[in-house]
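Notes follow the structure.
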There are 2 protein chains.
Amino acid sequence: MKLPGKTVERLSEYRRTLMGCLGEKKNFIFSHDLAARLHITAVQVRRDLMLIGYSSVQRKGYDVKELIEKIGTVIDSDDSMNVAIIGIGNLGRAVAGYFKGKRSKLNLVASFDTDPQKINKVISGVKCYPHNDMEKIMKDLNIRIAIITVPPDYAKDIAEEAVRFGVKGILNFTTIPLNVPSWVFLEEYDMITSIEKVAFFVKENMI
Amino acid sequence: MKLPGKTVERLSEYRRTLMGCLGEKKNFIFSHDLAARLHITAVQVRRDLMLIGYSSVQRKGYDVKELIEKIGTVIDSDDSMNVAIIGIGNLGRAVAGYFKGKRSKLNLVASFDTDPQKINKVISGVKCYPHNDMEKIMKDLNIRIAIITVPPDYAKDIAEEAVRFGVKGILNFTTIPLNVPSWVFLEEYDMITSIEKVAFFVKENMI
DNA sequence: GTGGTATTGTTAATTAATTAACATTGGTGT
DNA sequence: ACACCAATGTTAATTAATTAACAATACCAC
């Protein structure tokens with residue numbers, strides 16, 4: 001199913017918000033309620049759901065459980081996908097933390113590092129393998145997604161290795177923009193940029 | 001100066017890329033070269049620079065040093081701005097790391113936590129204060145930007161406090177969307193969403 | 001049952017962002 | 001000096017994303 005990236009992002013957020021609803025025993029939700037929780041408009045919610053072909057049966061809002069499942073059929077893969085974190089420093093461990101207790105189609109199955117203090121230990125719930133074994137482990141465990149949280153100087157080489165070893169998607173948290181072949185999906189997030197952006201708009205608001 | 005958020009983000013990236021150029025003794029750079037390093041088009045670079053009113057004197061590309069300064073006059077505040085990290089766990093420490101060695105108008109001057117093991121210690125280069133002292137410290141140190149890296153359950157309350165204590169911009173790394181008054185600039189980043197987005201497009205590419 | 005209301009799904013309009021097109025200009029080579 | 005080239009700055013066109021508008025429909029109150 002062909003969807004705009006922005007819509008995919010929102011679907012992920014809808015799902016997590018909806019799971020929160022289940023927690024509070026809320027089984028139906030209106031578009032404007034869901035929208036308000038995410039600070040977007042109700043139209044946008046409805047439009048996104050239209051794109052994935054979901055309609056509510058009744059005018060009592062969306063069936064939370066049903067919608068969660070529908071979103072799952074759209075954005076999740078049929079069988080589960082294995083993920084690795086490369087570089088298990090502070091950021092890597094933080095990312096690993098987000099996987100905890102999440103039952104999903106995404107399995108964090110390995111981390112890699114060069115620090116002898118870390119390798120072969122379980123850190124933040126995931127085993128850390130030595131960087132030297134990356135080829136073997138990535139192929140053996142069939143890792144499809146790499147999250148890169150290494151120091152900037154290593155980013156480029158690590159990305160090339162990951163691609164060579166079969167990774168099909170990369171989430172890059174380093175400040176170095178990466179170059180990957182077109183068949184590898186690349187998402188980059190740059191913290192410094194976010195911080196500077198906040199600073200800019202704070203400054204502008206104050207003037 | 002009124003600028004689109006996307007342009008501000010790119011300006012921040014331009015600047016960092018340009019600083020890298022200085023490191024490699026590259027004093028002039030063409031728009032297409034700068035663009036290639038960031039995987040965008042040369043037109044976009046030129047358009048962004050047009051928006052901030054920069055022009056190169058010669059056709060030898062942009063003067064790297066001059067452009068860095070120009071971007072600085074646009075996106076930096078005149079006097080420096082103080083920043084705090086709330087929640088100095090793995091993610092907080094990772095964020096703190098990004099400030100190291102950066103000389104900029106943004107000063108990371110404090111972190112806050114509730115863990116007695118952490119308070120009153122210097123962690124990742126920044127002193128950690130007890131959460132209870134947040135009001136005093138935030139006012140004393142004139143903190144304008146808060147980076148929120150606490151566990152999700154605390155996010156809402158922490159944000160409200162930060163706003164009450166004078167913060168004008170928030171960067172929220174928790175998975176809980178925050179509600180802030182209109183005069184506070186809010187930027188949210190959700191790692192899980194990014195990961196799920198990568199997974200979605202990997203899946204789609206494989207089909 | 002009927003009228004009114006609230007909410008949805010969808011098309012159309014608007015706005016934002018990106019890309020294309022191109023005239024302009026300094027530099028280069030002959 | 002002159003013709004050409006390479007790169008820029010800017011306007012116009014295109015594409016993407018959001019928002020507005022509204023007909024359709026199930027529920028509710030009576």
Side-chain angles (χ1 to χ4, degrees), chain A residues 1-14 17-18 21 26-64 66-67 70-71 74 177 187-188 193 197 200-201 204, chain B residues 1-14 17-18 21 26-64 66-67 70-71 74 177 182 186-188 193 197 200-201 204:
Chain A
M1 180 176 275
K2 219 172 146 299
L3 292 174
K6 292 282 182 78
T7 294
V8 175
E9 289 176 17
R10 283 191 297 261
L11 287 172
S12 162
E13 284 158 9
Y14 295 161
T17 305
L18 292 167
C21 290
K26 189 176 172 65
N27 294 315
F28 288 86
I29 191 168
F30 296 128
S31 60
H32 57 82
D33 188 354
L34 180 53
R37 289 167 187 242
L38 291 161
H39 311 131
I40 59 176
T41 66
V43 191
Q44 190 136 61
V45 171
R46 299 206 300 271
R47 201 160 210 306
D48 286 333
L49 298 189
M50 190 188 84
L51 289 178
I52 65 170
Y54 179 78
S55 15
S56 63
V57 184
Q58 304 190 332
R59 303 302 114 136
K60 276 296 184 184
Y62 301 104
D63 180 318
V64 174
E66 199 177 277
L67 183 47
K70 176 65 181 178
I71 292 176
V74 173
E187 174 83 4
E188 314 208 84
T193 292
K197 183 181 176 189
F200 173 79
F201 285 106
E204 292 299 302
Chain B
M1 179 174 278
K2 218 170 149 295
L3 291 175
K6 291 283 182 77
T7 294
V8 176
E9 289 176 17
R10 282 191 297 262
L11 287 172
S12 161
E13 285 158 8
Y14 295 160
T17 305
L18 292 167
C21 290
K26 190 176 171 66
N27 294 315
F28 289 86
I29 190 169
F30 295 128
S31 59
H32 61 257
D33 188 354
L34 181 52
R37 288 168 187 241
L38 292 161
H39 310 133
I40 59 176
T41 67
V43 191
Q44 191 136 61
V45 171
R46 298 205 301 269
R47 202 163 209 305
D48 286 333
L49 298 189
M50 188 188 87
L51 289 178
I52 65 170
Y54 179 78
S55 11
S56 62
V57 185
Q58 304 193 334
R59 305 300 113 137
K60 277 296 184 184
Y62 302 104
D63 181 318
V64 174
E66 199 178 275
L67 183 46
K70 176 65 181 177
I71 292 175
V74 173
S182 62
L186 173 65
E187 173 84 2
E188 315 208 84
T193 292
K197 183 181 175 190
F200 173 79
F201 284 106
E204 292 299 302

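Chain naming here is simple, since letters A, B, ... match the order of the sequence lines and numbering starts at 1 in each. A quick note: this is a predicted structure, and the numbers were derived from the prediction, not measured.
Rounded to whole Å, atom P of C:dA6 lies 17 Å from atom OH of A:Y62. Note: OH (A:Y54) to P (C:dT10) measures 14 Å, nearest angstrom. The interatomic distance linking A:K60 (NZ) with C:dA6 (C1') rounds to 10 Å, in whole Å. In this structure, the CG atom of A:L51 is 10 Å from the P atom of C:dT10, given to the nearest Å. For the pair A:L67 CG and C:dT8 P, the computed distance is 11 Å after rounding to whole Å.
Projected onto DNA chain D by closest heavy-atom contact, B:A42 and A:T7 fall at different nucleotides, the more 5' of which corresponds to B:A42.
Here the shortest heavy-atom pairing between B:S31 and B:R46 reads OG-NH1, 3.5 Å.
Among residues at least two apart or in separate chains, salt bridge (Lys or Arg N to Asp or Glu O under 4.0 Å) pairs with a member in residues 31-42 of chain B are B:E24-B:R37, B:K26-B:D33, B:D33-B:R37.
Contact annotation: the side chain of A:L49 approaches that of A:Y62 to within less than 4.5 Å [non-hydrogen atoms, C-beta and beyond].
Partners of B:D48 under the salt bridge (charged side-chain N to carboxylate O under 4.0 Å, His left out) rule, at least two apart in sequence or in another chain, are B:R10.
Distance check, rounded to the nearest 0.5 Å: OH of B:Y14 to CD of B:Q44 gives 5.5 Å.
The phosphate of C:dT8 (OP1 or OP2) has a side-chain N or O of A:S31 nearer than 4.0 angstrom.
For DNA chain D, the contact window with chain A, defined by any atom under 4.0 Å from a protein heavy atom, covers D:dA17 to D:dC28 in 5' to 3' order.
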Item to check | Candidate pair A:V45 and A:L38, rule side-chain contact (heavy atoms from CB on, under 4.5 Å), full reasoning | outcome: CA-CA 10 Å; A:V45 171; A:L38 291 161; 5.9 Å; no
